[in-house]
Amino acid sequence: MAQHGATVLRVARAVVGHTDADDAWSETFLAALKAYPQLPADANIEAWLVTIAHRKAIDITRSRSRRAVPIADTPDSPAGEWADGRDLDLDSAVGALPPKQRQAVAYHYLAGLAYAEIAEILDSSVAAARRAAADGIATLRRTYPRIDTPRNSQ
């Protein structure tokens, strides 16, 4: 840590900025301590630590992009116009989907991620991510009754 700590911190700051750099630095050395016994004797320790720091910084960047953004006023219900709890039915219907479909639907339709990003998260292909989302939406359309909003019923 004394020899390579500054280098690891510089890498972390370059990738995640000053705010999250300390977390990336700490996570780097925690991971390094766990993996150190398996490290070959002739390994380049600085390069190894920088690689770990880079991966930890990417993890932090990804988690930062998934954090909720605070807003001043929240709507009465997630659906905006409905206050009768029908959104809870949809929540349970989404929760009943198989894991990959549930994740693909949530990442694409709720978080707005592209299928390429979803494929990376799910460790699958873009086509598989697109298919999982499409299958999930098809299941929801079959099992969740269509709600006519005041705009649609006029």
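Quick caveat, the model's predicted, so the values are computed rather than measured.
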Closest non-hydrogen atom pair, [X] against [Y]:
X: L9; Y: D22; value: CD1-OD1, 3.9 Å
X: S124; Y: A129; value: OG-N, 4.1 Å
X: L122; Y: Q103; value: CD2-OE1, 2.8 Å
X: A53; Y: V8; value: CB-CG1, 3.8 Å
X: A31; Y: K56; value: CB-CE, 3.7 Å
X: A32; Y: L49; value: CB-CD2, 3.6 Å

Given the options I137, L140, T143, L97 meets side chain to side chain contact (heavy atoms under 4.5 Å, CB included) only with L140

Is the closest side-chain heavy-atom distance between I45 and H4 below 4.5 Å? yes

Q: Mark yes when over 12 heavy atoms from residues, nucleotides or ligands other than Q38 sit less than 6.0 Å from its CD; otherwise mark no.
A: yes

### Query
Does CG belonging to N44 count more than 12 external heavy atoms closer than 6.0 Å?
yes

Q. Are any side-chain N or O atoms of E117 and backbone N or O atoms of A114, one a donor and one an acceptor, separated by less than 3.5 Å?
A. yes

inquiry  = W48 vs Y36, test: side chain to side chain contact (heavy atoms under 4.5 Å, CB included). Steps then yes/no.
reply    = CA-CA 10 Å; W48 176 68; Y36 188 76; 4.1 Å; yes

Quick check: is L30 connected to I60 through a chain of hydrophobic side chains (ILVMFWY, heavy atoms under 4.5 Å apart)? no

**Asked** When hydrophobic residues are tied together by side-chain contacts of less than 4.5 Å, even through go-betweens, does I58 share a cluster with W25?
**Response** no

dist D20:CG -> S26:OG (nearest 0.5 Å) comes out at 11.5 Å

Between Y115 and H108, how do the two ring planes meet: parallel, tilted or perpendicular, split at 30° and 60°? parallel

Residues at least two apart in sequence or cross-chain that pass ring pair (Phe, Tyr, Trp, His ring centres under 6.0 Å) with Y107, listed by chain then number, are none

Sorted by chain and residue number, the side chain to side chain donor-acceptor pair (under 3.5 Å) partners of D135 (sequence neighbours excluded) come out as R131

**Request:** Report the C-alpha separation of I52 and R55 in whole Å, then their side-chain angles, then the decisive distance to 0.1 Å, and conclude whether the side chain to side chain contact (heavy atoms under 4.5 Å, CB included) test is met.
**Result:** CA-CA 5 Å; I52 295 171; R55 291 180 181 149; 5.8 Å; no

